Amino acid sequence: MIELFSTAHAEAGPRYTPHELASMLRLHPPTPEQAAIISAPVEPLLVVAGAGSGKTETMAARVLWLVANGYASPEQVLGLTFTRKAAGELAHRVRTRLGQLVRRLGREELLAGEPTVATYHSYAARIVVEHGLRAGYEPSARLLTEASRWQIVDLLVRNYTGDMTDVHFAPSTVTDAVLALAGDMAEHLVTTDELAAWTGRFFADVQSRPGKVAAAVRDALARQQVRLKLLPLVRAYEVRKNDYEAMDFGDQMARAARVARDHPEVGAIERERFKVVLLDEYQDTSHAQVVLLRSLFGQGHPVAAVGDPCQSIYGWRGASAGTLDRFPAEFGGAAERTLTTSWRNRPEVLGVANALSTPLRAAGARVAELTAAARVDARIGGAAVHCALLETYADEAAWIADSMVKAWLVAADLPDALPEQVPIEQRPTSAVLVRLRSQIPAIEAALRERGVPVEVVGLGGLLDTPEVRDVVCTLRVLADPTDGASLLRLLTGARWRIGPRDLVALYRRSRAIAAARRGLAPVPEEPEIVPDRLDESSLVEALADPGPAPSYSAEGYARLRAYGRELALLRHRLDQPCPTSSRTWSAPPASTSRWPCAPAPTPGSPAGTSTRWVTWRPGSRATPTAARWAASWRSSPRPKTRSAGSPRAKSTWSRARCRSSPPTRPRAWSGMWSRSPA
Ligand SMILES: Nc1ncnc2c1ncn2[C@@H]1O[C@H](COP(=O)(O)OP(=O)(O)OP(=O)(O)O)[C@@H](O)[C@H]1O
């Protein structure tokens, strides 16, 4: 048990029961299960409970009970959640209740200060800033955004000349794989050397066993072989981050965990500061997060963790349902409690949810089945949960909209009315959850068609509207001439309506351009046999230079020419400064520099036709990093082309890099414009 917070109340036992506090603040009375958690001894505690069972509510009530009974002052409470939204929700409930308590008890001196409610990541960031120097981490290290991470690794990948035998990925996939591997290693606190050594031991172990290697093991070995090939890139990424004095989110969590693990004095300081710790969604904590929390608060400190093994969504990054099972061992013999009343769902929904989660429980998830609270709203539109499997998104949207209209009419007892005739107070609120944002417009349209007012929530809403998506695709095509997928969307969209025959002709043209370029490239020692990414993705070039008109329908050709001209005009504006760039930096010393990616003159095209993708001029506004990258690109050696049959032939992606890197360069380059200098 911890040293109690000053007052006589705490030493003499709790002054207020959970029920008394609830009635004092006019809150819902807690259930017996909730009351037991709220007033549990001030020791490690694990609450395993399902969705909507009142976990957040109970945690807020526990903070209130601890403060009211003098076990902790508000500022000695730390609550950690995964998302800012959840942190905001918990903080709001705790602060509102503490405010009510102050007004009721009139004891402001005891309740001064604010609890700290933060995300796991922001708490880790604070640990690194405040204590990182103990482990040699600069507190001023810059945090890389997802986009910056991607740009750094993409550039490394495209300039990489190491052995990539057996890595049959496109460059962008290699970039994703390197980022994922770097992230996984940070989550698991594993270094590149440790991973290489572990893989070596694993291989030796498998090979030392007699008999045939099972197919599944062979697959695992092959995957690990690929992983080993990526390790030099992960190392290069680490070096690059050090050069930039930067780190990503994974590094930040790993640094916090290492500081806490290797420097016990940090735990002493944090335990002194926070007498009570609440951990939300504990089932989703990664290995690095568990190490951080266990190192800081793992010696019997009153940590209350809540979690639901059936809601574990981060298995891929090291979280597992076993995290909940290990809690008592990690935090010093925790009591375990549960909540079984659902305040959010009706019995029919819970019946389905309980049935669906039965296999998870059978596999060891120790979470109790939920039963509906008596106060859950009366049923609307029948007692059954319906499930439909429909052929198209449009059918699905229509079905959802019809079901909702039916529910409205049943709720209002107006079977023949139109939705807009249902009085507002009789309209039940309804929510539609979708798997993909792209489904939203169709569902929204179907509901509006039937007169049901709709509000689309979520940040992605605007980006998914077709008009905005067209603008985004246009920007992509301008910045990345290999982005054939975006161009295809625009060509087949409502504006240009290019038909299949003309698309095939354009595709043939792109092949001809690629073939002509191969013809002009330095002659390899042996013929190349593997198609590369550029071969597949030069539709944008073909649009700029569509070749002879008779290959297309007259109308199609005219539209393609018109659109090609429009894109060329827009492309000339690519090097204009971005208004958000906050300082001007002198660009590297060079005369006007052109990215050498103009398509070669090809048979059938007017002599000298070429497309200039991006022009950069001295004096342009650029960040120092962008300037450095541009300079390093110019001085980097030209990659070699691959020869078929050579013993250690570079794989597809490696050669694709050599061909596709010039056109994609502007993407990395222009992406830097919008960033403020470091
Ligand atoms: N004893 C109670 N009496 C009445 N309502 C309650 C009670 N306990 C919780 N609730 C209500 O139940 C709803 C769900 O509670 P809460 O948000 O705390 O659940 P949760 O388990 O944290 O949900 P999730 O699984 O989504 O995180 C809230 O509206 C809350 O006010």
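When a ligand or atom number is given, it counts from 1 through the structure's own listing order. Keep in mind that the numbers below use all heavy atoms, side chains included, and drop hydrogens, waters and symmetry copies. Note that the structure is predicted; figures quoted are calculated from it, not measured.
Listed by number with element, the atoms of ligand 1 under 4.0 Å from a non-hydrogen atom of Ala51 are 25 (O). Atoms of ligand 1 lying under 4.0 Å from at least one heavy atom of Glu57, given by number and element, are 8 (N), 9 (C), 18 (O), 30 (C), 31 (O).
Regarding atom 12 (O) of ligand 1, its nearest protein heavy-atom neighbour is Trp343 CB, 2.8 Å. The closest protein non-hydrogen atom to atom 22 (O) of ligand 1 is Thr56 OG1, 2.6 Å. For atom 19 (O) of ligand 1, the nearest non-hydrogen atom of the protein is Gly54 N, 3.1 Å. Here the heavy atom of the protein found nearest to atom 29 (O) of ligand 1 is Arg375 NH2, 4.4 Å. Annotation: atom 26 (O) of ligand 1 to nearest protein heavy atom, Arg344 NH1, 2.8 Å. Of the protein's non-hydrogen atoms, the one nearest atom 27 (O) of ligand 1 is Lys55 NZ, 4.0 Å.
Around NE2 of His19, the count of heavy atoms belonging to other residues, nucleotides or ligands within 6.0 Å exceeds 12. Counting non-hydrogen atoms of other residues, nucleotides and ligands closer than 6.0 Å to CZ of Arg134 gives a total above 12.
Proximity of Glu33 to ligand 1 is not established, as no heavy-atom distance is less than 4.0 Å. Distances from ligand 1 to the non-hydrogen atoms of Pro29 include at least one value under 4.0 Å.
Within the 4.0 angstrom cut-off, atom 14 (C) of ligand 1 has one or more protein heavy-atom neighbours.
An N or O contact shorter than 3.5 Å is missing between Pro30 and ligand 1 by distance. Annotation: Thr58 places no N or O atom under 3.5 Å from an N or O atom of ligand 1; distance criterion only.
Residue nearest to atom 17 (O) of ligand 1, selected from Met59, Gln34, His28, Arg93: Arg93 (by heavy-atom distance).
Considering all non-hydrogen atoms of both residues, Glu396 and Leu390 come closest at CA-CD1, 3.6 Å. Between Asp251 and Ala186, the closest heavy-atom pair is N-CB, 4.1 Å.
Electrostatic pairing of Arg337 and Glu33 does not count as a salt bridge here, judged by no charged N lying under 4.0 Å from a carboxylate O. A salt bridge between Glu57 and Arg97 is present, with a side-chain N of the basic residue lying under 4.0 Å from a carboxylate O of the acidic one. Under 4.0 Å is where a charged nitrogen must lie from a carboxylate oxygen, and between Glu89 and Arg93 at least one such pair does.
Classified by interplanar angle (parallel below 30°, tilted 30° to 60°, perpendicular above 60°), the ring pair Phe274/Phe297 is perpendicular.
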Let me see the working for Arg450 and Met404 under side chain to side chain contact (heavy atoms under 4.5 Å, CB included), right down to the final yes or no.
CA-CA 10 Å; Arg450 288 157 180 78; Met404 208 167 277; over 6 Å; no

